[in-house]
Amino acid sequence: MKKVAITCVLIAGLIFGMGTWNQTTAQENSSDQPITIVEYSDYQCPACAYFHPIVEKLKDTYGDQIKFEMKYFPLNSHQYAALAARAAQAAKNQGKFQQMHNMLFENQKRWSGSGSPTSIFVNYAEELELDIDQFKNDLNASETQKIVMEQRQEGRNAGVNATPTFFIEGDKVDPLPRNFQEFDQLVQQYISE
């Protein structure tokens, strides 16, 4: 009888102990999970260019606390937006997405005002030391076009109708923050939840 009582106490201790351990572990893991911010963006959109340094500063400020995803959403009203998105994707295929992404926004006025930005994008690829033949092939590949258009359709399905549009943890950010401080406050609210 004494052995049975000791065994029951041990089993109960293990059950309750594991329950406590699992609960603590789950709480620790949930607070360690980064919040996800998704941006639907158009490389030819002046508002997207305005938000580019704000987004980069958020990434620098929060590091691993946020997971940032940029999605292509070229607007039909911007003649070269889809081509620019394909240039970013072609650079991504060679591991240089962020560098091309930055160049496209930082030089938006230059290439968007040119008669044909393809040669400018090829020059950017050369500056990034990409394989130029692969870059040109990927720029014009149907697979690259498909990726860009699928992301745009995904945005439409999520209710995106203007750029930039941000989602934090699946919640559409509306209205858009006007500056870094407002965006920072918004991110802090999600992190502290």
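Within the 4.5 Å cutoff, side-chain heavy atoms of Phe121 are placed close to those of Leu83.
Applying the salt bridge (Lys or Arg N to Asp or Glu O under 4.0 Å) test to every pair with at least one member in residues 167-183, sequence neighbours left out, gives these pairs: Arg178-Glu182. Applying the ring-ring contact (aromatic ring centres under 6.0 Å, His included) test to pairs two or more places apart or on separate chains, those with a residue in residues 77-103 are Tyr43-His101, His52-His101, Phe97-His101, His101-Phe105. Sorted by first then second residue, the salt bridge (Lys or Arg N to Asp or Glu O under 4.0 Å) pairs that include residues 42-57, not counting sequence neighbours, are Glu56-Lys59. Residue pairs that meet the ring-ring contact (aromatic ring centres under 6.0 Å, His included) test with at least one member in residues 169-193, sequence neighbours left out, are Phe166-Phe183. The list of salt bridge (Lys or Arg N to Asp or Glu O under 4.0 Å) pairs with a residue in residues 154-166, not counting sequence neighbours, reads Lys71-Glu154.
To the nearest 0.5 Å, the span separating CD1 on Ile37 from CD1 on Ile168 amounts to 5.0 Å. Taking CG of Asn107 as the start and CD1 of Ile120 as the end, the distance is 8.5 Å to the nearest 0.5 Å. The CG atom of Leu75 lies 13.5 Å from the OH atom of Tyr40; values are rounded to the nearest 0.5 Å. Remark: Thr61 OG1 to Ile54 CD1 distance equals 11.5 Å, nearest 0.5 Å. Atom CD1 of Ile35 sits about 4.5 Å away from atom CD1 of Ile191, to the nearest 0.5 Å.
Taking the side chain to side chain donor-acceptor pair (under 3.5 Å) definition, one finds that Asp60 meets it with nothing, sequence neighbours left out. Listed by chain and residue number, Tyr62, Gln188 satisfy the side chain to side chain donor-acceptor pair (under 3.5 Å) test with Asp184 (two or more places apart in sequence, or in another chain). Listed by chain and number, the residues in a salt bridge (Lys or Arg N to Asp or Glu O under 4.0 Å) with Lys67 are Glu69 (sequence neighbours excluded). The side chain to side chain contact (heavy atoms under 4.5 Å, CB included) check on Ala162 picks up nothing, with sequence neighbours excluded. Annotation: side chain to side chain donor-acceptor pair (under 3.5 Å) contacts of Asn179 (sequence neighbours excluded): none.
No more than 12 heavy-atom neighbours from other residues, nucleotides or ligands sit within 6.0 angstrom of CG on Asp64.
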Table please: side-chain donor-acceptor pairs of residues 127-134 below 3.5 Å, with sequence neighbours left out.
| from | atom 1 | to | atom 2 | distance (Å) |
| --- | --- | --- | --- | --- |
| Asp131 | OD1 | Asp133 | N | 3.1 |
| Asp131 | OD1 | Gln134 | N | 2.9 |
| Gln134 | NE2 | Asp138 | OD2 | 3.4 |

Please tabulate, for the side chains in residues 109-116, all donor-acceptor contacts under 3.5 angstrom to protein atoms that are two or more places apart in sequence or on a different chain.
| from | atom 1 | to | atom 2 | distance (Å) |
| --- | --- | --- | --- | --- |
| Trp111 | NE1 | Leu104 | O | 2.8 |
| Ser112 | OG | Gln108 | O | 2.6 |
| Ser114 | OG | Trp111 | O | 2.8 |

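For the side chain to side chain contact (heavy atoms under 4.5 Å, CB included) test with Glu150, the passing option among Gln153, Arg152, Lys146 is Lys146; the others fail.
Looking only at distances, a side-chain donor or acceptor of Tyr72 sits under 3.5 Å from a matching main-chain atom of Gln89.
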